[in-house]
Each structure stands twice: as structure tokens, then as C-alpha cells.
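Within every chain, numbering begins at 1; the chains are lettered A, B, ... in the order of the sequence lines, protein sequences first and strands thereafter.
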There are 2 protein chains.
Amino acid sequence: MSTVGKAILLLELFNVDEPELGLSDLARRSGFDKATTRRLLVALAGRGFVEQDAGTRHYRLGAGLSRLARIREARFPFLQTAVPLVRDLAASTAETVHLSEFGVDRLVTVNVEHPAWANRVNIDIGQLLPLHSTASGIAYLAFARDETVKACLTGSLDAFTAHTLIEPAAISRSMGEARERGYSICDQGYEEGVISVAAAIRGADGFALGTIAVAAPKARTTAAAIAERGLAVMEAAREISMRLNGENLQTLRRQA
Amino acid sequence: MSTVGKAILLLELFNVDEPELGLSDLARRSGFDKATTRRLLVALAGRGFVEQDAGTRHYRLGAGLSRLARIREARFPFLQTAVPLVRDLAASTAETVHLSEFGVDRLVTVNVEHPAWANRVNIDIGQLLPLHSTASGIAYLAFARDETVKACLTGSLDAFTAHTLIEPAAISRSMGEARERGYSICDQGYEEGVISVAAAIRGADGFALGTIAVAAPKARTTAAAIAERGLAVMEAAREISMRLNGENLQTLRRQA
DNA sequence: AATAACGGTTCAAATAATGAACCAACCACC
DNA sequence: GGTGGTTGGTTCATTATTTGAACCGTTATT
């Protein structure tokens, strides 16, 4: 493994629940030697990718990451563009609406709006979603590059519930339906009792960048509501895609 | 230089104006060999820190950075906390208000509100500000760790205008005044014709995390306006610091 | 006082990074 | 339709960086 890969692996040990970790802890979790771990941390700290708490001597992710992320966001203002539409969709559906962006081999939740219901689907910002077993994932795959789809379908797929589709053929069929329909439906594929619809947000090249989805408790969801939400989520995704790709509405290379 | 440092240096070649760069370009600018550059890029791409455009084969910053930046933001919700107060301050002063966060050896502009005036001070998100020659920088240094101050004052300092203070003693005096007053004033130290006031946003340990500042054309700025804005910016910084450090308003270790 | 955990450091040995030379493809220009 | 200059990408012997067991000094815990 490259040294750079190791350094990044170290960064990825941090998460929202454990945002600060000590040296020994990082060494243990990464499997690297303590000396190696520290050398990597010092290199990362030198560029502001991690910071060390002066009191506890624990490490946390640094401001340098935020700076680079902001430069990326200037190129792809995914969040700013999508947030108002997420809010609108949450208001009109009165269910949980979440926005995801693709990263490496999963979807990353970047924004969520929860409804006022006590009984609702809860999703956290930063949460990672698998591609094969969520409405968002299927919507993404439906407009993903062939190599991404292939990478997803080769290798064993986890079954999260009794309803999770894990045969590549079944998932492909599901993708095809989503492509034709314009939105995906996932019935308890990731969590028991939750039904979701999602649509892909697409770049200028027609390939998916991320997704927008509505998730609701199955108990209060009718077939009619699913169809209605599907159209709404599709329309929101279309609007975000158009705003992202400039006013010059270039025809998307891959049509639905 | 460590391999990790090289990889990060590569990432830092991207900026808002040039968000996508080719392999040869990156190699040229970094001074690394093309093979080295590519190996680093491949390692970075493997973890989503850069992405390659399928068409142009150019590289850009990746979604992995956004993910980690979001985890950091969950711990330090600097932006979310400060944005409303930046907006309020912009409304009440009718001048440019900008928010900065410290990174390595500079301040990074993370949010800006511009007034409606045609003649106004323009600042971009992501813009880097030197510590010794801006109101924000002085406000930051006034509550920074000794080692940060020392690192800033050792080595030669750039003079951006005829008014820029570059003698360590003069800068120290300026910091002292800011600490006592509660806000800093910088009269054309970074750009001719611009006068700014700033105050430090501080962490639970009492040390500065970032700053909030008001910048205006000197032509329409009276001494009374400076004093008024100074108090307003100080109050905004205090409010952000308090919200960041939790409801349990711990007494700040380093008092003004 | 003893123990065990912590963060941090050292230096010979092992491993990963390096870069000159090399493709193949593309683009402009005559 | 060559020709020269550019691009992204690859190879492999040489070289320099990374590695980790053993170490130190501190700080809790027992």
C-alpha cells in the first residue's frame, strides 16, 4: 500500500461519533506501527489535514481539508444548488428527504431534511449508503459509468434485510426499471419497514453525480404516494442537474 | 519532504480559478517527475481525494475531501454557527463582512456577505489572508498561541502597500492594542484604500479559531464608524465563540 | 510503590519512491 | 499527409524514504 494511501486511511478513521483520537488508538485501529502512525500524522498536521489538541494531545481532522473541500465545492456547488430543492421536497412530501453524493464506491449523505412526525426515517449527514441496496444507490447505478456498475456487482453483496436484492441480475433489472421510469424504488432493501424513492442528479456528461431521495415508514405509505413522490423526486433531480450544468441546457448524453 | 507532504502539495495546486489540471501541468507546477506525479494522483484517486475527468483526463479535487471536511464540520460547526451572525452584521453595517478560519499559517476566507454598494470591498470565498497585514490576521494573532505568533514574526514579511507594518515590534504593538480594545484595526495594510476592523472567534481554550471582519472603502469611512463597527464585530465574535463552545459558557482561559 | 497506559523518539534494515527513457495518441501547422 | 510538439501513461534499475522493535519520560490507576 502506498504511503499516501496509508495517510488517507488514517484520516478515514475519524468519524462524527469519534472526531478525536489519540496516537495509540489510531495506531491500533489502522494496524500501523506507532512510529509510522505518528510520522504520518506529523506530515498531515504540517499541511493542516489534522490538528492536535493542545490539552489532550489527541488528533482531529484539520482545517486544510475544509479549504480544499471548499475549492471543490466552487467547481461543483452541489450542496448550495440542491439544498433549496431538498427543503421544498421535504415540505411538499412531509417525509425525510436526503441528498447524496458519490464517493469512491458508496453514496455519502450530504444533506437531510426531516419531517415533524415522531415516526420518521432518520438519516445523518455523513452517513454512507451502499449502492446495491438503497433507492439512492439504484438510482445512481442506473446512470453510472459501466465500470462503476461492474465494480459494484462483482464481489459479494451484503444482505441487510430479508428483502435485499443481492443477485447481480436482480439488481440490473432494478436499475433498468429505474432508468425507464426516471426514479428508483427500494422496498425495505436496507432497513425493515422503510420504503424509499430516489432519482439521479446528473452531470453535463449525463452520468450520475449523486441522488435525491424520499424515505418513509412503509406503514403509512400507499402505492399512490410512491408514484407521486417518484415524480416529485425526479423533477427535483432534473432541476438540480440543470442548475448545476449551467443555463445552457446541454442535452444529456444518456437519455432516460 | 515526506511522500504525504508531496501528495498534499499536489492537492494544493488546485484553486478556484483553476479547478482542473492535467498531468503534465501538475508535474510542472509541483516540480515532481511526471511518473511520481501520476503515482501520487493514482493513490489520491483511489481514496477519492482527486477525480479524473473521463473526457479531458484532467484531474480535480475529489469528493473524499468533502466527506472528511464534513466530519470536521460536525465537530466544529464554524460555518453554520457563524453564517447568521455574518449576515446580521452585514445588514447592520452595510459593508463587506467576511469570516475566516485559521489554516497552517494563514487565514482562509470561509464566508462573505457583500453590501449593495457598487463601490465596495470584494473578497472571495477561499481567499487566503496573511496574518501580519490584515485586520483579521492581527485579531487572530492577538489570541493565538505563542508558537504561532513566533512562527509568523520570524522570517521576512511582505509589504503589500506603503502602509503595511513589517517590523515585528510594530506588529506586536498592533496585536497588543487589539487585545486590549477587543478588536483590531487595519488601515490600508493589505490593499490601498481599504480599512478594516476584525475580532477573533475563540475556542473553549481561549485561543483564536478564526475571525470575523468588516472591510470598507476608506473614502467613506469616519473614525466614528470604525469605533461603531469595532464594537459590533467584537460582539458578533463573542456570540459565535459562545455558541461554538456550548451552552456551558466556560470562562475563557485567556481573557482580553 | 508498582503497574500500565499514554505520547513521543531512535536507527539499522527493509521497502517503497524515484526519474530518464520509453510508448501511443492527439493536435496544429506547413 | 507528413512533421514536430504536445499530451497521458508506463517501465525498471537506482536511490532514498519508510519501517518497527526497543527505547524514554509522563501521567493516571491500583
Side-chain angles (χ1 to χ4, degrees), chain A residues 1-14 18-62 75 145-148 151 203 205 207 253, chain B residues 1-14 17-62 75 145-148 151 203-205 207 253:
Chain A
M1 174 185 255
S2 74
T3 309
V4 174
K6 285 179 202 166
I8 297 179
L9 192 149
L10 221 46
L11 292 174
E12 296 187 331
L13 292 176
F14 296 93
E18 296 172 305
E20 309 205 346
L21 297 167
L23 172 60
S24 299
D25 217 0
L26 284 164
R28 222 175 295 116
R29 294 180 194 217
S30 63
F32 307 148
D33 187 87
K34 198 150 52 89
T36 302
T37 305
R38 194 173 129 75
R39 262 198 28 269
L40 293 172
L41 286 170
V42 167
L44 289 167
R47 294 304 196 142
F49 272 37
V50 298
E51 301 169 344
Q52 188 173 27
D53 190 289
T56 63
R57 317 229 103 194
H58 282 197
Y59 297 87
R60 60 167 167 261
L61 297 177
R75 177 91 186 78
R145 295 191 160 71
D146 288 342
E147 66 236 51
T148 309
D205 56 7
F207 290 112
R253 205 166 73 198
Chain B
M1 174 184 251
S2 73
T3 309
V4 174
K6 286 178 203 168
I8 298 180
L9 192 148
L10 221 47
L11 292 174
E12 297 189 329
L13 292 176
F14 296 92
D17 298 321
E18 297 172 305
E20 308 204 347
L21 297 168
L23 172 61
S24 299
D25 217 2
L26 284 164
R28 221 176 296 116
R29 293 180 196 220
S30 62
F32 306 149
D33 187 89
K34 198 150 52 89
T36 301
T37 306
R38 194 173 130 74
R39 261 195 31 269
L40 292 172
L41 286 170
V42 168
L44 289 167
R47 292 306 195 137
F49 272 36
V50 298
E51 301 169 345
Q52 188 173 27
D53 189 290
T56 64
R57 317 231 98 195
H58 282 198
Y59 296 88
R60 61 167 167 262
L61 297 177
R75 178 91 186 80
R145 293 190 161 73
D146 288 341
E147 65 236 51
T148 309
D205 55 7
F207 290 112
R253 205 165 75 196

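Note: CZ (B:Arg28) to C1' (C:dG19) measures 17 Å, nearest angstrom. If you take CE of B:Met1 and C1' of C:dA17, they are 14 Å apart, rounded to a whole angstrom. Atom pair B:Leu21:CG and D:dT7:C1' shows a separation of 14 Å (rounding to whole Å applied). If you take NE2 of A:His58 and C1' of C:dG7, they are 9 Å apart, rounded to a whole angstrom. In this entry the distance linking CZ of A:Phe32 with P of D:dT18 reads 13 Å, nearest Å. Atom CG of A:Leu26 and atom P of C:dA5 are 18 Å apart (whole Å). In this structure, A:Leu40 places its CG atom 13 Å from C1' of C:dA16, rounding to the nearest Å.
Within the structure, every side-chain polar atom (N or O) of A:Arg38 is placed at least 4.0 Å from both OP1 and OP2 of C:dT10. Within the 4.0 Å cut-off from OP1 or OP2 of D:dG9, at least one side-chain nitrogen or oxygen of B:Tyr59 is found. Considering only side-chain N and O atoms, A:Thr3 lies under 4.0 angstrom from the phosphate OP1 or OP2 of C:dA17. Considering only side-chain N and O atoms, A:Thr36 lies under 4.0 angstrom from the phosphate OP1 or OP2 of D:dG20.
Of the two residues near DNA chain C, A:Gln52 and A:Val4, the one whose nearest nucleotide lies more 5' is A:Gln52. With DNA chain C read from its 5' end, the first of the two nearest nucleotides for B:Arg39 and A:Thr56 is the one closest to A:Thr56. Remark on DNA chain D: of its neighbouring residues B:Leu23 and A:Asp33, the 5'-side contact belongs to B:Leu23, judged by nearest-heavy-atom nucleotide.
Residues A:Arg60 and A:Asp53 meet the side-chain proximity criterion, which asks for heavy atoms closer than 4.5 Å. By the 4.5 Å heavy-atom criterion applied to side chains, A:Arg38 and A:Phe32 are not counted as neighbours. Counting heavy atoms from C-beta outward, A:Glu12 and B:Arg47 have side chains that approach closer than 4.5 Å.
For A:Asp25 and A:Arg29, the salt-bridge test passes: some basic side-chain N is under 4.0 Å from an acidic carboxylate O.
Heavy atoms of B:Lys6 sit under 4.0 angstrom from primed sugar atoms or phosphate atoms, though from no base atom.
Residue A:Lys34 places a side-chain atom within donor-acceptor reach of the base of C:dG8, judged by atom type and a 3.5 Å distance cut-off alone.
The side chain of A:Arg57 lies closest to C:dG8, out of D:dT18, C:dG8, D:dT10.
Nearest approach of A:Leu9 to A:Met1, heavy atoms of both residues: CD1-CE, 3.6 Å.
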